[in-house]
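One structure below.
All of these numbers come straight from a predicted model, not from anything done at the bench. Values reported hereafter were calculated over all heavy atoms of this structure, with side chains retained and with hydrogens, waters and symmetry mates removed. Chain letters run A, B, ... following the sequence lines, proteins first, then strands; residues in each count from 1.
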Amino acid sequence: MTPPEDTPSGQTASGPAVLAVSARPEVLKKRADFLRAARARYRPGPGFVLQARQRAPGEEASGIRVGFTCSKKVGNAIARNRAKRRLREIARLVLPEAGRDGWDYVLIGRKNDTATRDFAALQDDLRTALAQIHG
RNA sequence: GCGGAGGGCCGGAUGGCCGCGCGUCCCGCAAGGGAUGCGAGGAAAGUCCGGACUCCCUGAAGCAGCGGUGCCGGGUAACGCCCGGGCGGGCUUUGCCGGGAAAACCCGGCGGACAACCCGACGGAUAGCGCCACAGAGAACAGACUGCCCCUGCACGCAGGGGUGAGGGUGAAACGGUGCGGUAAGAGCGCACCGCGCCCCUGGCAACAGGGGUGGCACGGCAAGCCCCACCGGGAGCAAUGCCGAAUAGGGAUCUCACGGGGACUUCCCCAGGGCCGCUUCAGCCCCGAGAUCCGGGUUGGCAGCCAGACCCGCCGGGCAACCGGCGGGCCAGAGGAAUGGUCAUCGAACCGCAGGUCACGGCCUGCGGGGAACAGAAUCCGGCUUACAGGCCCUCCGCGCAC
RNA sequence: GACCCCGUGGCUCAACUGGAUAGAGCAAUCCCCUCCUAAGGGAUAGGUUGCAGGUUCAAGUCCUGCCGGGGUCG
């Protein structure tokens, strides 16, 4: 049923560059990475806030890295988890196609909008926000 | 059927597509890939109790101290939890007295009965200490402001002496309560009922209950004030702790206390002294080392702890019950910047609107449309408690009515 | 996650061993003084003592449960 051209396993290694980009984005875990991203580029959107930076030379050069932040302002643990999961999902769907190699991204949840905004709109938000933050 | 009360269970469903974590199996040298199974809660929450499990402290006994618990019996690994019982209170009903009202009835005091059910930090106030403001004469070995009664005196309304503690007033509380008798006035002064203390008998494992006798009231409240009695408890906590790897070091400086006597071959023994639990006693261990302070080095990371257990389900047996025992079956989250999801479709409870029907007017029934699920997310694990929670289902008990 | 502490007007603090009107300073409002302002003087208002129960005759104080805020530990 799925079109044969985008088989995810990249049968017989059609190109090494494709493999590097389509690999799953690494998750940011260190506090220092979050702080560096916050000091770089910043773009608020209707469902979330996007922060991004291009990694400096000396750090790991290839791969997309992404982190998620939902503070207590978002709500209780249920609301925070739900917001984080939706952010993770749009990152998984959008970043391999629209993200840039060698960049770090941080998605920050909003109080009610992240959990309730239409899912397709949320994906479009990320695409336009990425386009603007790169330029 | 109507009314009242208590308890238990569940707490959105199905499917498609795309994902995440862990286990097992297969393929692969490896990176990785494939298949398959499982994957949040009744509270996962608050962190309020109790344990398991680790590390720390020389052990035991006693004492002291600190903290906790508190009717009795049982359950349990344990508990401040649970079950059963007792007692007290509530709810309900009723008698007497006083007050209000035309009456039904209402309020206050004293007493009796009381189904289910609800509430109770429910040991001790004659072990001791302390406190009880204001008001009031008097607030805890009683005492006497106004009164009441008797006697004496006289300038006839007061003074003095005595009796009394019933009435008034104050207060949260006034040294048994209510009623009758009694008296100069009164009073447990006498009597009945109730309360209280002491003694005896009966029932009960016990808390306690019932009965009889006796006293004539001597015993106010507060222990969620100190305290007494009984019982329990060492301290810290999985960010505990252990291992691996990396790095650094097997440190340095200063100060203090000890290095005693005898035998012997320096190793050993004896004596004395010192040290090790808050104290004492006993035992043990240590004394060519010990202790204190400061400086220097490290704290990114991996693994274990970390999921088979006071576990879950069914049947049988014991017990009023909590619960216990036996047999059979099952495997039921293990993340770690933290997985357990995202999205779509169908169905859908509460609730809202409209129309119709019915009516003892509060509602109920039917149809159509809208609507789209409460509180809430494991973090070492169990047993409880507490708190939050839309709605639904089931069971039990009591009273009344109807039928049999 | 585990453990610990705190909570009184807008702010900073009091209130003894439970005892009756919860007090003081700053800030606020009004008035006086001054040509005006500041300073000074006078007056006024402002409090469910974080919330809810309980013990007691009586609770800011004692006890229990919630709520909110802060801190420590690798």
Assigned partner base of [N], Watson-Crick or wobble definition, under 3.5 Å:
N      : result
B/A60  : B/U281
B/G371 : none
B/A101 : none
B/A379 : none
B/A45  : B/U386
C/G47  : none
B/C231 : B/G68
C/C26  : C/G10

Rounding to a whole Å, what distance do you find between [X]:[atom1] and [N]:[atom2]?
X        : N      : atom1 : atom2 : result
A/Arg92  : B/C17  : CZ    : P     : 15 Å
A/Gln123 : B/C18  : CD    : P     : 15 Å
A/Leu95  : B/G342 : CG    : P     : 19 Å
A/Leu93  : B/G19  : CG    : C1'   : 9 Å
A/Phe34  : B/G337 : CZ    : P     : 11 Å

query = Can you tell me how far C1' in B/G367 sits from the matching atom in B/G341, rounded to whole Å?
reply = 41 Å
ask   = Mind checking the C1' distance from B/G90 to B/A103? Whole angstroms is fine.
value = 31 Å
Base of [N] relative to its sugar, syn (within 90° of 0) or anti?
N      : value
B/C332 : syn
B/G42  : syn
B/G176 : anti
B/A218 : syn
B/C219 : syn

From B/G377, B/U343, B/G337, nucleotide with atom closest to A/Ile78 side chain =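 So the nucleotide nearest the side chain must be B/G377.
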ask   = More 5' along RNA chain B: A/Asn76 or A/Thr69, using each one's nearest nucleotide?
value = A/Thr69
message = For a quick check of understanding: with a heavy-atom distance under 4.0 Å over all strands, which category does A/Phe68 fall into, base, sugar-phosphate or nothing?
response = nothing
message = Mind checking if A/Leu28 touches a base, just sugar-phosphate, or nothing, with heavy atoms under 4.0 Å?
response = sugar-phosphate
task = Given side-chain contact (heavy atoms from CB on, under 4.5 Å), test A/Arg127 with A/Asp124 step by step and report yes or no.
result = CA-CA 5 Å; A/Arg127 262 186 274 272; A/Asp124 291 339; 3.8 Å; yes
Is the shortest side-chain heavy-atom distance between [X] and [Y] below 4.5 Å?
X        : Y        : answer
A/Leu107 : A/Leu50  : yes
A/Leu93  : A/Phe119 : yes
A/Val66  : A/Leu95  : yes
A/Phe68  : A/Arg86  : no

query = Can you list, by residue number, the residues of residues 80-88 of chain A that have a non-hydrogen atom closer than 4.0 angstrom to RNA chain B?
reply = A/Asn81, A/Arg82, A/Arg85, A/Arg86, A/Arg88
Taking every non-hydrogen atom, the tightest pair across A/Arg80 and A/Cys70 =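 Between these two residues, the closest heavy atoms are CD-O, 3.3 Å.
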request  = Of all the heavy-atom pairs spanning A/Thr69 and A/Phe34, show the shortest one and how long it is.
outcome  = OG1-CE2, 3.6 Å
ask   = Is it true that A/Glu89 and A/Arg92 have a side-chain N and a carboxylate O under 4.0 angstrom from each other?
value =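 Between A/Arg92 and A/Glu89 there is a salt bridge, with a charged N closer than 4.0 Å to a carboxylate O.
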